[in-house]
Amino acid sequence: MAGKEIKAEKENNAGEKSSTSDSFQIPKKYTPDDEMQMYKLWEDSGYFNPDKMISDLHEESSKTESSTKKEVKSKKPFVITQPPPNANGELHIGHMCGYSFQDCMGRYNRMNGRPTLLLPGKDHAGIQTEAVFTKVLAERGLDKWEIGREKFYHKAYEFCTKNADHARQQEKRIGLSSDWSREKFTLDEGLNKVIFETFIKMFNEGMVYRDEYIINQCTHCKTALANIDTDHIEKKGIFAYIKYPYADDPTKFVTVATTRPETMLGDTAVAVSTDDDRYKDLVGKKVKLPLTDREIPVIAAREVDKDFGTGALKVTPAHSSIDFGIGKEHNLEVINVINEEGKMNDNAPEKYQGMTVKECRDAVIEDLKNEGLLVKVEDFPHEVIVCERCKNDIEQIMSKQWFVNIKSLAEKCIEALDKRETVVLPENQHRVLRQWFEKLEPWCISRQLWWGHQIPVWYCGSKKFFDWKLSNPDKSIEDFEKETGEKVNGCGNAMAAIDKPEKCEKCGKSAADVDIVQEEDVFDTWYSSGQWTFSTMGGPEGEDFKKFFPTDVMETARDILFFWVARMMMMSMYRTGKTPFHTVYLHGMILAADGQKMSKSKGNGVEPADVLKKYGADALRLWYYTATLPGQSTPIMDDKLMGNRNFVNKIWNASRFVMMKLEDLFNENEIKQLDGEINENLMNLKNADDEWLKQTYATATRITDYINKYRFNLAVEELREFFWHTVCDQWIEETKKLIDEDPENKAKFMSRLLTIIITSLKLIHPFAPFVTEYIWQNLKGMGLLEDGHKSGLLMMEKWPVEVE
RNA sequence: GGACUGGUAGCUCAACUGGUUAGAGCACACGGUUUACAUCCGUGAGGUUGGGAGUUCGAGUCUCCCCCGGUCCACCA
């Protein structure tokens, strides 16, 4: 028996013996060192897999009701598709927090008889992993461009697989009862198929399209980014006042003020406010753009703030989103002067071509000064857009990318939120999410990376030709060849397909006769992880999908509400017509002990492994439940963890006391177990006459209620109050007295206490699974649990309160 | 610029739709216990719930103003 074995081992390791009862083997102190032994029992039992619960049910019913042939109906499954951590690095204390809540809900529902699936996985995390792994390669003296795309992909895959193995061990260490047989990686073949199918469906329905648009270009990561992949931070900058001469009278000027003088090379207008009398007469006239030979119009736009700067705004539609908007409205020419690498391109005057943006800025300032067109340069702190990942400056440039028009999906999500088909906790985030859906722009999903899903688009001819045709719809293939000097073999059509098409759908020519080449870009990571709730289940046709979709709860952190949760809702609306989960639970954020955000540079981070070693998984979990409330952020502090460790030890010792007393009782009376009183007590807890048992049941009811309302902090506080201060401090002490006064009834008093302990262990188990299971195995070893679940595991015991 | 959020004991935080005397852990003071646990037990001190006004029979909780933090969104060049 497992319980016996563990007990024996404990005795050997303990090194200290009870001073009260030398014969008693259970050590005084609970040490978390062998928590993983319990994990092994759970894992080996097979019950992390919900199918085992379902098949048990069939087995049982065929035994008892074989003649009636009644249809077996299990309770509704409980499902969480777990947020997949990035497969490129270590898990942090926040991951563990999420797992603790997911596992708590999972264990609670499993004990309630619901076949429970916690579906684990790992995320390939496109841009981040590509950056991390490129660095790893560099450390090995390798360059990604040298080894090439295919090799890079394979090596990155290996790298992630190795990290994932490591992460999985940490996940087990916190007690996560996931079905590892179903673990997925976002680049698994089965998932890829679903993701490609989604794209192809969108493509054929016209929801995805290629367009030239102002996008965020990270010149460091060398890829386009969606708005959400950027941050805004304040940086020191300059504010340059530049004179633009009137075209018809070079002695007169209009002065514009800008933080980005270099972009003036792409200016196509000067805008003034519609109600600015100072410039009234200028509107409609032209000015000469300095350093170039172009003349640009002066226009009136309501976006312009007449009180800011000089009240005259230089308009560069290609490199500023506000200017882009003005340009669209006034039909301005768009001149892109910065390329994907952040250098000045052929559209800039020859002198500046090839300069970096910064070099060009200095050169432009210098040249303006020489021409007497520079009024002044002020220091000016202003907001700049940076890459969310690498924190380098973003250039806004015109670029051709793949976009998804997600407006209709966003509308469906708003409807689902309004109907409360999905509820976000805390409630304020429900409204925040709703507002976010309301102002969604088309989503740029193409990334110029290698690590990810290569977009399943095939061009007849070449991508360059297709893109050229986008901008030159009226021109011919001959024009293209003349302009670019490149030959093209194909009609310029684009098709979506998983495998290379055998012929072009448009011109009908076979792949042998024309070039059919695949798009090189990959999907934005969130495009694939947005499908996580059903891609992990084989897609809308999958076996698991039929059994387990929609899922129940999405438990995650606030910072990926828009990135991920919103995308999952939209993608699920698209593929399944349903919202993928009824509840989004956003746990709180964990800060360092000093109240600051944890960060590597500050060195104030807390390593999960250290905490686990020092206090144990149960103590850490108990802290999470009470401290990391939705919508809050909370510092992780040693004394709090210590308090929770003490509680774990208290549970251990109270149980130890009961076991000791019972062993004494058995020895005195030469019996091996109590009569059926325990089971009777447990069965009748609900209707007990005994005051203590009544109170125990009332507590169980309250805790059940709290869990159902996702108020985990109150559940744990109630448990602590009840177990520590009522059961231990009052009832155990009282029982000692009762036994002293009335030794004849010792068995009766002890069986009442044991009933209370057993019930408490069940109630505590979802929160602190290790210590409770450990005790359970010891109780089992003593023969005190006759009527338990056939697995012999507390994990599989029935929850003390009936939940519908 | 917009939105959200917090200010409660020395510290970190609780307190369901407004409802007894605002709670807990840690820290503190005093006492106890050596036969479950010193990772223990008991007792105690500690609060004008950031400030001000209002609604109400009743406000930590609702409304308004002010002060101080935090977070997110955003195209003031």
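Here the structure is a predicted model, which is why all the values come from computation and not from measurement. Protein chains get the first letters and strands the later ones, always in sequence-line order, with residue 1 at the start of each.
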Between the base of [N] and the side chain of [X], is there a donor and acceptor pair under 3.5 angstrom?
X         : N      : value
Lys650(A) : C37(B) : yes
Glu383(A) : A74(B) : yes
Lys736(A) : A36(B) : yes

Here's one to test your reading of the geometry: is the NZ or CZ of Arg720(A) within 45 degrees of the ring axis of Phe647(A) and under 6.0 Å from its centre? yes
Tell me whether the NZ or CZ atom of Lys650(A) lies within the 45° cone about the ring axis of Tyr30(A) and under 6.0 Å from its centre. no
Nearest to the side chain of [X] - [options]?
X         : options                : value
Asp729(A) : G42(B), A77(B), C37(B) : G42(B)
Asn649(A) : U39(B), C72(B), A74(B) : U39(B)
His725(A) : A77(B), C73(B), G25(B) : G25(B)
Lys597(A) : U12(B), C72(B), U39(B) : C72(B)

How is His430(A) classified with respect to the nucleic acid when contacts are heavy atoms under 4.0 Å: base, sugar-phosphate, or nothing? nothing
Scan Glu733(A) against the nucleic acid and name what it touches under 4.0 Å (heavy atoms): base, sugar-phosphate only, or nothing. base
Is the ring pair [X]/[Y] parallel, tilted or perpendicular, if the boundaries are 30 and 60 degrees?
X         : Y         : answer
Phe101(A) : Tyr585(A) : tilted
Phe380(A) : Phe308(A) : perpendicular
Phe767(A) : Phe712(A) : perpendicular

Contacts to RNA chain B from residues 303-316 of chain A, heavy-atom cutoff under 4.0 Å, which residues? Val304(A), Asp305(A), Phe308(A), Leu313(A)
Side-chain atoms of residues 231-238 of chain A: list all donor-acceptor pairs with protein atoms under 3.5 Å, sequence neighbours left out, distances to 0.1 Å.
{"unit_1": "Asp231(A)", "atom_1": "OD2", "unit_2": "Lys391(A)", "atom_2": "NZ", "d": "2.7"}
{"unit_1": "Lys235(A)", "atom_1": "NZ", "unit_2": "Asp393(A)", "atom_2": "OD1", "d": "2.7"}

